[in-house]
Amino acid sequence: MRAAGIIVEYNPLHSGHLRLLEAGRAALGPDTAIVCVMSGNFVQRGDFALLRKHARARAAVASGADLVLELPLPWAVSSAEGFADGGVQALAATGLVDHLLFGSECGDAAALERVAAVLLTLDFRDRLRRELPGAVSFAAARQRALAGLVPPADAALLASPNNILGIEYCKALLRQKAPLRPVTIRREGSAHDGALAPGAHPSASGLRSLLRQGRREEALALLPPAMARAYAAEEAAGRAPVFRENSERAILARLRSMTEADFAALDQGREGLWNRLYDASRTAATLQALLEAAKTKRYALARLRRMILWAYLGLTPADVPERMPYLRVLAASGTGCRLLAEMRTSAAAPVLTKPAQVRQLGPEAKRLFAHEVRATDLYTLAYPRLEAAEGGTEWREGPVILGGPAPC
């Protein structure tokens, strides 16, 4: 069975995501199985997912995906490089996926691969080191360093967010020597973080913005049917929508209780960014005020949000395993169940279809799962209805199986 992988957040799933599924099968064959590696309850921009992971995974399978595996927490809330690295690790570890499918502004996988190969060279790293001291931002320094090594059209690819993520996917494939071939589909519709445009595929950020504004009916009308049903069901149960603001006081309390050493442990770049966050956390009365006080032109807001989220969840860079210690199943179709049967012999990591199975694994797997348990318990406290925020759900909730044997 041919299988293609997609690294996703589905926060929320929208029509542009459905187009990628359709275009992928059009390019690779209608019987191609789709394996998604999906972020859990927290996402790469340093935020809470709009809906809990099992609800989003159900919507993904109901919308055409075959198997949804969880991207573990430390990779899900990392930089674009870390996010891509974790996703590629998971897909390669299945032993079945032979293509990596993703959207990009350019729609040219060969161009993205060329840039990725250059970014991994010593020549580029030397140039980047020279550019960084006077640069306004890391992104600007990287683009200037690259410009001296590739044609202008290739250097310009770093100006677009989906191209950047696609390049990170290609870097991860090269670094890991993963046996997956990249296939990219040209992105259409609203920009990654752009406003909604009439008649175009909506962006996830635009849909979240509608829901924040209370424009519920307008947002749900733009969602695919399975995602709209998942949202409505979670809302009725008091579990949606989940916004970071629901836990604002808890996050601020955590930050104010941390020491300078606690903040310093989060600063992977050793650039002193932790100082700004520590100082801001002593006085800020809102998360927005904290971000405004800590930000500079040099540091992207997403990086600051991720550091705050890591602090809240009790994560440090030392908590990122060198290799993914297991693959956890969130949802599967009948085809996905057949893939799981094959993975019993093909997978390079243990496959968890029940949470209790982690108890049979080694210390690294148990530590990672303990972080997931704690993170989910904190996530549920951001539910709109506190009575729905029961703890310990990570241990009790198994995969969603649609159209196949249960369990599979």
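Ring centroids of F263 and W310 are separated by 6.0 Å or more, keeping the two rings apart.
A donor-acceptor contact shorter than 3.5 Å is absent between the side chain of S160 and the backbone of N163. Remark: side-chain polar atoms of T94 are paired, donor with acceptor, to backbone N or O of L91 under 3.5 angstrom.
Salt bridge status for E234 with R56: absent, with no side-chain N to carboxylate O gap under 4.0 Å. Between K295 and E292, at least one side-chain N (NZ, or NE/NH1/NH2) sits under 4.0 Å from a carboxylate O, which counts as a salt bridge. Salt-bridge check for R19 with E22: failed, with every basic side-chain N at 4.0 Å or more from each acidic carboxylate O. The pair E390-R396 meets the salt-bridge criterion, with a side-chain N (NZ, NE, NH1 or NH2) lying under 4.0 Å from an Asp/Glu carboxylate O. R142 has no carboxylate O lying under 4.0 Å from a charged side-chain N of E131, or vice versa, which leaves the two without a salt bridge. A salt bridge is absent between E105 and R187: the closest approach of a Lys/Arg side-chain nitrogen to an acidic carboxylate oxygen does not fall below 4.0 angstrom. Residues R256 and D262 are not paired through a salt bridge, judged by the lack of any N-O separation under 4.0 Å between the basic side chain and the carboxylate. Using a 4.0 Å cut-off between a side-chain N of Lys or Arg and a carboxylate O of Asp or Glu, K53 and E70 qualify as a salt bridge. Note on E81 versus R175: salt bridge recorded, some NZ/NE/NH1/NH2 to OD/OE distance being below 4.0 Å.
Side-chain contact between F42 and N11 is absent, with no heavy-atom pair separated by less than 4.5 Å. Within the 4.5 Å cutoff, the side chain of L96 has heavy atoms near those of the M343 side chain. Within the 4.5 Å cutoff, no side-chain heavy atoms of L69 are placed close to those of L330. Side-chain contact between T32 and H99 is absent, with no heavy atoms from C-beta onward closer than 4.5 Å.
The shortest non-hydrogen separation linking L73 to A375 is CD2-CB, 3.7 Å.
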Show your working on side-chain hydrogen bond (donor to acceptor under 3.5 Å, both in side chains) between D66 and S333 and close with a plain yes or no. CA-CA 5 Å; D66 292 302; S333 67; 3.0 Å; yes

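Residues T335 and R338 have side chains that bring a donor and an acceptor to within less than 3.5 angstrom of each other. Judged purely by distance below 3.5 Å, without hydrogens or angles, the side chains of T376 and E372 never pair a donor atom with an acceptor atom.
Here R306 contributes atom CZ and F83 contributes atom CZ; the two are 11.0 Å apart, rounded to the nearest 0.5 Å.
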